[in-house]
Every structure is written in structure tokens, then in C-alpha cells.
There are 2 protein chains.
Amino acid sequence: MARDGKPTRDKILTETKNLVFCNGFSGTSIDQILDKTGITKGAFFYHFKTKNALAKALIETYAEEDMSHLESALQETESLKETPLKRLLQFVQLFIDMMMTLKEPPSCLYASYSYESNQFDQETMDIVSDSILEWRNTFTELLNKVLVENTPKKDIDVQSLSDQFVVIFEGAFVVSKALNDSDITAKQLQHLKNYLELLFD
Amino acid sequence: MARDGKPTRDKILTETKNLVFCNGFSGTSIDQILDKTGITKGAFFYHFKTKNALAKALIETYAEEDMSHLESALQETESLKETPLKRLLQFVQLFIDMMMTLKEPPSCLYASYSYESNQFDQETMDIVSDSILEWRNTFTELLNKVLVENTPKKDIDVQSLSDQFVVIFEGAFVVSKALNDSDITAKQLQHLKNYLELLFD
DNA sequence: ATTATTAAACAGACTAGACGGTACAAATAT
DNA sequence: ATATTTGTACCGTCTAGTCTGTTTAATAAT
């Protein structure tokens, strides 16, 4: 048939993501993307019908990667499933370790999109909310298993405690970017781990 | 002289802030601002030399209001200064109460600007980081007074624990917007309060 | 093995409209 | 009367998107 277009498509997605993290989506022009990727308008609009089609493909790809992070963290802690608290803490620890390796402030497309949500259609924004709800539900499952065996030291609302995982990520990303300090996220997650230990130990 | 321009200027600032929260700054055009405010281009460019001058004035105003929230929370808890832990907890409680009155998801310009920081000059972004550092420093002072009398149940890093206040705000705002749930922020702050109680009680 | 065919992948000039910004006249209040 | 404030027509640039044509590589016929 013809040459393989996947590398081009992937390059567009990768470079656009990096641009969006510091320019926002509206602030990222197609010409900028062409500069960064070295491709041309013809190639771009062959792969994406409109700029907003790119926005949707970008968040889809991002959400898929995000969900696979979630899955692999679940798998890596599955050996601890008989000790739910240990598993929960190890689950958090995995992300602490991950965040400790960062060399520059991290970013999240969910936050970026949420702060200019008018630019996107409902389907695109639904991917954002669905992904966040996946994290909530996963954490809730882990927490409910803990609650069978451990009595919390304080009355807690399981759903909002589940949300705290994503909340700390998102908040730490913002502060990390604002202060240009890449160490913040790991440290903030450590506080969540402390909290869980104090609650259930 | 002539008529008073301050109402016009204030209206521009208020409406722009609301637009930026859902369109981003790049995604907010001057024409949109004119539509929302009902003023004209002549008036706009009389008050702000460029669009970016508006961006700077906007974050300045926002930071001033933010700092006055900080100040008034300090004042409202000053009667508890002899019992540092009580004061710290009451300080957090004030913001829980404030967040419980919200009827729609809140937003923060610091986060909005940080996710399109390339659009702004250094001075503008410095206002963001300075403001966040003010919150950190204030919280650190409160915490240090607690530490004189209370021994934490876990080894903690004071600076990152101070940051957690802003981190939870910023993260809760993002999740609140993404899920369109205005109750999230108060609940998340409650977990911070729980954590502090478990740490120091 | 060489060539012709075909569809995918890409190149780049072009367009219509939106954008930030300007010029200057008109209006307002003292 | 005069400085401040506002209205409006206008301009050059940038933007997303189109159009037409060219290149690439797998396939099929010679």
C-alpha cells in the first residue's frame, strides 16, 4: 500500500501533549505543532480532520496510558491482596517511587482540559471525568477491603478518601509547576500514605 | 475631569476572570470580554494597553484578594494563639466552612495560569509562585508553633506538610471541575484536618 | 526481475475569518 | 474649557482549514 503513518501520528500526539502542558490547548497553534514535529499541514490534516479531533485523540491516548498505570499498580500489589492495608499502602508507595524519579514538574491533561473545558465537546470532557472516576472506584475497592479488617481511627467518608489520591496528584502537579519544583508530588503522596497509616494502623 | 473609569475596569477584571476559568486565557478573546461586559474596544484598550497587561492586572488583583483571605483567617483564629494546635485546626476549619457554601465548582487562577505559563511573562508568573509561597510560609509558622508543644506521631517534613494545604485546594478544584461536583473541596480539606489531628493529638 | 497500478501518506500554496491592536472622533463630567 | 473616558471604523497578522498535486511502498501483471 503505502508508507506507515503511525510514527507521524504518534509524533503529533507526543509533541502536542508537551506543548499543551505549557501553552494550553487554545494557546497551541497547529503551526507550532508543525514546527515541533517537522511535518507539514498536509500530513497533519491527513491524520486529524480538525484541531479538536486532535484534542479528542490526545485525551483518549492519555487516558488509556493512565488506565494502564492504574492496572499495572493493581497487578504489582496483587500478591498483598490477603493483607488489604499493606496492599493499599504499597499501592500508594508505587506512585511515590514513580514520582521520585521525576526530573521536571509533571503535568496532567485532565487538569489542563478542565481549566479550558469550553474548548472541548462533551465527549472529550467525558473521557476526563470517566478516568478520574476510575481512580475513585479502584481506590474505593481497595479501601473497602481494608475496612473489613481495620477500624478507622476517625469517621471517614470512603468516597472522598478515595478521591484524595487523585486530588493530591492534581494539586501537587499544579504547585510543582508553579514553584518549578519536581520533588513536590512524591512528598505530598507520602502525606497521604501517612494519613492512611494513622487512620488504620 | 471626566467620568469614573473604575467600574469599567472592575467589570473587565471580573468578567475576564470568569471567562478564563472555563476558556483559559488564550482561549478568551478580547471580543468575548467586550460581549460579556458590554463595553467597547476603545474603553478596553484605554484601561489595558495589551491583552497581557490585563493578564498581569488580573493575577495581581486575584493575588491581593487571596492574600486578604489568608490575613483574615489568621486574624479570626488569633484568639487561639495560645493553643497552637487548636488554632491550626480552626484555621483549616474556616476554609472548610467557606468551601461548604459553594454552589458551583471553584477555580483558581494560579492553576489556570500554571497550565499555560508560556503565555505570560516572568513577572506575571512570579506573582503566582509568590502567592503560593505565602501560604506555605504562613502554614509553616502555624505548624512550628504546634511542634513546640506537640510531638507528631510520624516523622514529617514541615515544608511539604505546609504545602499540602494549597495542594489539596488546587487538586480539589481540578477534580471538582472535572466531575462538576461543588462539594469536593470541603470534604478534601476535612481529610487534611483529620490528618493533622491524627498527627498531633 | 522489472514494470505498472493503486491507495495511503505527505507537501505546500492558498483562503476566509478571527485575532490583537490602532486611530481618532465623540461624549462626559468637572 | 479641558482632561478623561468611551465608541467605532479600520489594519496587519495569525489561525484553522482546504485544495491540488506529489511521493512512497505494497501488490499484481508482464
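Chain letters run A, B, ... following the sequence lines, proteins first and then strands; every chain starts at 1. The basis for the numbers below is simple: all heavy atoms, side chains too, and nothing from hydrogens, waters or symmetry mates.
- In this structure, CG of L34(B) is placed 12 Å from C1' of dT6(D), rounded to the nearest angstrom.
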Go along nucleotides 18-24 of chain C 5' to 3' and tag each nucleotide: B for a protein heavy atom under 4.0 Å from its base, S when only backbone or sugar atoms are that close, - otherwise.
-SBBB--
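- For the pair I39(B) CD1 and dA27(C) C1', the interatomic distance rounds to 16 Å; values are reported in whole Å.
- Legend: residues meeting side-chain hydrogen bond (donor to acceptor under 3.5 Å, both in side chains) with Q122(A), ordered by chain and number and at least two apart, are D126(A).
- With sequence neighbours left out, the side-chain hydrogen bond (donor to acceptor under 3.5 Å, both in side chains) criterion links Y113(A) to no other residue.
- Judged by distance alone, the side chain of Q164(B) and the main-chain N or O of H191(A) form no donor-acceptor pair under 3.5 Å.
- Salt bridge annotation for D31(B)-K41(B): present, with a cationic side-chain nitrogen under 4.0 angstrom from a carboxylate oxygen.
- Rounded to an integer number of Å, the gap from L54(A) CG to dG17(D) C1' is 14 Å.
- Between the side chains of S182(B) and K103(B), no donor-acceptor pair of N or O atoms lies under 3.5 Å.
- Here the P atom of nucleotide dT6(D) and the NZ atom of K6(B) are 13 Å apart, to the nearest Å.
- Phosphate proximity of dT4(D) to H47(B): absent, as no side-chain N or O sits under 4.0 Å from OP1 or OP2.
- Note: OH (Y46(A)) to C1' (dG21(D)) measures 16 Å, nearest angstrom.
- When ring centroids are compared, Y110(B) and Y62(B) come within the 6.0 Å threshold.
- Between D10(A) atom CG and dA9(C) atom P there is a gap of 13 Å when expressed in whole angstrom units.
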